[in-house]
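Computation of the quantities below employed the complete heavy-atom set of this structure, encompassing side-chain atoms and omitting hydrogens, waters and symmetry-equivalent molecules. Source: prediction; values computed, not measured. A note on names: the letters A, B, ... follow the listed sequences, proteins ahead of strands, and every chain is numbered from 1.
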There are 2 protein chains.
Amino acid sequence: MTVTIIGIGLIGGSLGITLKENGFATRVIGVDASEENLHKATRRRLIDEEMSLAEGVAVADVIVLATPVDVMRKLLPEILDRISDKQTVIDVGSTKEQLLDEVVNHPNRKRYVACHPMAGTEFSGPEAALPRLFENKVCVIVDAEDSADNALEVARRLFRSAGMNFSRLDRKAHDLHCAYVSHISHIASFALALTVLEKERDEQRIFDLASSGFSSTVRLAKSSADMWIPIFRQNRDHVLDVLDEHIEQLSKFRTQLIKRDFDGFYERIERANEISKILK
Amino acid sequence: MTVTIIGIGLIGGSLGITLKENGFATRVIGVDASEENLHKATRRRLIDEEMSLAEGVAVADVIVLATPVDVMRKLLPEILDRISDKQTVIDVGSTKEQLLDEVVNHPNRKRYVACHPMAGTEFSGPEAALPRLFENKVCVIVDAEDSADNALEVARRLFRSAGMNFSRLDRKAHDLHCAYVSHISHIASFALALTVLEKERDEQRIFDLASSGFSSTVRLAKSSADMWIPIFRQNRDHVLDVLDEHIEQLSKFRTQLIKRDFDGFYERIERANEISKILK
């Protein structure tokens, strides 16, 4: 199969190298707004060839859209305009409602499968690509009933070849659950980085003391603004809802410290510990 | 050297196995309030022998106090009462001001070295002990000028044998910096776990979506209340100070979302990204 990947960053680049290595793709074509990114991807052998969007879409069996989510809203309808019913389009974006509303009435909607492979790191760009990024992770297929069966089958084979398992959600539920589990973690981590940078002016001190857990909690604060601002923009209402809850939870700890209610604090830590039943 | 470790949990147990394996200790004696913990530690070969506190202190060249910090305040003066000037006492606690105030006028103060090896995991108990936990981490020596030179030398050799580097702070600065870098990370993580458990009632959903960063940010939320409540109690004022800043940083993100000020949000993410200059 010829796979064209549009947006050769962490996810697009990782998919390129993965699909080539496991034999799903006989030919991986890269398309990117940045020539520098494309050349980097070629040098790192994440892709076989560089093409323009029009060329890349024309020759592909499968087109994977892996740009930031604001760019997806613009490109997805244009790509669907260009394809035949032998081609399949997949996106890998972190928000779905606005994107899917964009193409709900498109005549080629059935050739498109909305996917969210739940995998990533705090790094971005083709230099961050990893061949085993997707292994044993979950790919959420969104509004699957709006895709043709053979398009769904292509998407499933693609992500299964990368070692993924599957889950299904409709687009509203997807965005809600991602705000609740994924997007809030990023905001919490950005805020923690800002807190520590604000209070602790001594960088050597941060470095020395960071092994006590800070580095893991703050890891996501290295994430790219170019990727995350479009996500927060598109998922603003759900993110606000869970952010309110998070500030409320922190405020309760604050009140308990002020009142020296350490028994109440203890109980809430024990409740927080329950997360280890879900995440081993 | 005979090393007696009081409190065979994650840190005490890891020190036991490390010091035995690297040859610093010829004999590791374990003391613990829980007989079950002690037996586990023996079965896992973290310690060579089990003793009572009085016996363990009597036979040791070096005594390492590795209990929760509230228990340390009680035990440290009792241990200093019992030792000769050929013995060295070390603690590994996460807060120092109240502990050091407790023994400031003790006639054997100079035999004691206050240490904080900045290493750990979210797990606790002897089953969590790891032989290479301390490698390439920083050990903070607190109020070093109050310890005898030969006691300091024993402490340094002990932690150097475990692969640690050193830093020095006075007790007030230690507690402040630990609140700013370490303790706040734990509260942020506990609060994030509670947020997600509150909003996301579907446990399978949490599991499916967690690979997108949540699991790393929430890792510390598995930490033990028995260890952390005494730390928060002893370091309450500094923790409150940095917690206020953290709630403020989150509230700014909230305001920016409400106003749809995504340019401002973008700038603050870029500022948060600066943490990657400090923590690679």
Colleague: Quick one: pull up OH in A:Y180 and CD in B:E198 and give me the separation to the nearest 0.5 Å.
Modeller: 10.0 Å
Colleague: Who pairs with B:E145 by side chain to side chain contact (heavy atoms under 4.5 Å, CB included), at least two apart in sequence or on another chain?
Modeller: B:D143
Colleague: How long is the span from the CG atom in B:D208 to the NE2 atom in A:H116, to the nearest 0.5 Å?
Modeller: 12.0 Å
Colleague: Show the nearest heavy-atom pair for residues A:I229 and B:F262, with the distance to one decimal.
Modeller: CD1-O, 3.8 Å
Colleague: Chain B heavy atoms under 4.5 Å from A:S216: which part of the residue, side chain, backbone, both or neither?
Modeller: both
Colleague: Closest heavy-atom contact between A:S223 and B:I269?
Modeller: O-CG2, 3.8 Å
Colleague: Look at the aromatic rings of B:F232 and A:F265 and report parallel, tilted or perpendicular, splitting at 30° and 60°.
Modeller: tilted
Colleague: Is there a donor-acceptor pair closer than 3.5 Å between any side-chain N or O of B:S185 and the backbone N or O of A:G213?
Modeller: no
Colleague: For B:S251, which atoms come within 4.5 Å of any heavy atom of chain A: side chain, backbone, both, or neither?
Modeller: both
Colleague: Tell me, with the steps shown, if A:L197 and B:I278 meet side chain to side chain contact (heavy atoms under 4.5 Å, CB included).
Modeller: CA-CA 10 Å; A:L197 290 167; B:I278 303 169; 3.8 Å; yes
Colleague: Taking all non-hydrogen atoms of both residues into account, name the closest pair between B:L209 and A:C178 and its distance.
Modeller: CD1-N, 4.0 Å
Colleague: Given that the side chain runs from C-beta out, which part of B:D226 has a heavy atom under 4.5 Å from chain A: side chain, backbone, both or neither?
Modeller: both
Colleague: Which answer fits B:I258, side chain, backbone, both or neither, if we ask what part of it has an atom under 4.5 Å from a heavy atom of chain A?
Modeller: both
Colleague: Which members of residues 235-245 of chain B, sorted by number, sit under 4.5 angstrom from chain A on a heavy-atom basis?
Modeller: B:R236, B:V239, B:L240, B:D241, B:V242, B:L243, B:D244, B:E245
Colleague: Among B:L250, B:N273, B:I275, find the one that has a side-chain contact (heavy atoms from CB on, under 4.5 Å) with A:F190.
Modeller: B:N273
Colleague: Is B:S276 in contact with chain A via its backbone, its side chain, both, or neither, using a 4.5 Å heavy-atom distance?
Modeller: both
